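As the structure is a computational prediction, the values presented were derived from the model and not from experiment.
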Amino acid sequence: MKKKENKKIDDMILTKWNTKRNCDVVISSSSRLELLKLTLKYFETNIHFHGNFRFILNEDYVIPKKSKKLVEWAANSGYFKKEDIYCNNPPLGLDKSIINLIDKVKTPFFIYLQDDWCFERPIELDKVIYMMEKVPQINNILFYKYKVPNTLSGISLKEYYFGQFPQHITLHYTWEFIPGIWRYDFIKPIIKKAMKKEQRTAPAKLTHYLRDPSKREDHDYLYNNMGVFMWGCHGEPRWVRHIGENERMESWRMGDDGKPGKENTCQESNVIYMAEWIPFNHIPKNPKRNSIRIIKKKLLERGRTIQ
């Protein structure tokens, strides 16, 4: 049975939540220009903010010719200043890229994005940041990719309600690298140490640095020591689509030889989650097989419409 806890913030004044702030937006990318364009387009459409954004891009040159084209576009796009575009050639992988990005942040709270996430619904960013300013236990607000669950992998997710706002948020037991707002003072001192953990992925490294596996169901511990929350109540519709779910032709996780592509198999099993409205020419051709043909076939088998 889900459990909701009411919280009160004594000095929260509703008329002051929409004051002007600045917010850095860090984006990790890798040779996927068309997806980056869509990510920025839907960010601009759905993220409402009274303050100023500074976009910071870290581009891993997984496919050098495509990355060069991406960087040229970014420099002339109006989103990025040239000094805020950082290139890794050869690529560094996600672990080192996220360290580099956080090192460039100058605002108390910043948005983390990858190049393949599109916001589907409007978000009042001032409201989100205001809550983080008033609740020091909140270190990461996630905009979840599915409906906000009340349990995940058999683990109960506790819901909190701030009646003065009003707003629901749902406590999570892991630090995910989906779109979210991170507290700079919390993450900056630990990110380099966390990325040295012996875990397979960058999110797992950070999660296991912050908590022992035995604490996954300890709500008080998670609230006071980790502070990761999904924006919204149980059953809240998703906020973002993962448009690059089937474009993992090159993994950011590095192989033993120091080159990208340790896991370069297109994730056909997750094709059902791919956005219907993404044209197929945004899916790169794999020289070892016709990935587009396979994806089209699987979509048709599921009764999906193909553009």
Quiz: residues 190-197 side-chain donor-acceptor pairs under 3.5 angstrom, not counting sequence neighbours:
none

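- Under a 4.0 Å N-O distance rule, the pair Asp84/Arg54 qualifies as a salt bridge.
- For Tyr209, the ring-ring contact (aromatic ring centres under 6.0 Å, His included) test picks out no residue, with sequence neighbours left out.
- Comment: Glu198 does not engage Lys205 in a salt bridge, judged by the lack of any side-chain N to carboxylate O separation of less than 4.0 angstrom.
- Using a distance-only test at 3.5 Å, with no hydrogens or angles considered, a donor-acceptor pair links the side chain of Ser77 to the main chain of Ala74.
- In this structure a side-chain-to-backbone donor-acceptor pair under 3.5 Å is missing from Asp60 to Val62.
- In summary, the side chains of Thr151 and Ser156 do not present any donor paired with an acceptor at a separation below 3.5 Å, with no hydrogens or angles considered.
- In this structure, the side chain of Asp212 does not engage the main chain of Lys215 through any donor-acceptor pair within 3.5 Å.
- Using cut-offs of 30° and 60° for the angle between ring planes, the Trp175 and Phe186 rings count as parallel.
- In this structure, Lys104 is positioned above the aromatic face of Tyr86, its NZ or CZ under 6.0 Å from the six-membered ring centre and within 45° of the axis.
- Lys66 places none of its side-chain heavy atoms less than 4.5 Å from the side chain of Leu70.
- For Asn46 against Glu120, the heavy-atom pair with the smallest separation is ND2-C, 3.7 Å.
- Of the N and O atoms on the side chains of Ser97 and Ser28, not one donor lies less than 3.5 Å from an acceptor on the other residue.
- Under a 3.5 Å cut-off, the side chain of Asn150 and the backbone N or O of Leu157 do not form any donor-acceptor pair.
- Residues meeting the side-chain contact (heavy atoms from CB on, under 4.5 Å) test with Cys233, sequence neighbours left out: Glu159, His168, Glu236.
- Ring geometry for Phe53 versus Phe55: interplanar angle of 30 to 60°, hence tilted.
- Because its NZ or CZ atom is not both nearer than 6.0 Å to the ring centre of Tyr144 and within 45° of the ring axis, Arg238 does not count as a cation-pi partner of that residue.
- Side-chain atoms of Thr107 come within 3.5 Å of backbone N or O of Phe109 as a donor-acceptor pair.
- Aromatic rings of Phe177 and Trp182 (six-membered ring for Trp) have centroids within the 6.0 Å cut-off, being under it.
- Note on Glu72 versus Lys69: no salt bridge recorded, every NZ/NE/NH1/NH2 to OD/OE distance being 4.0 Å or above.
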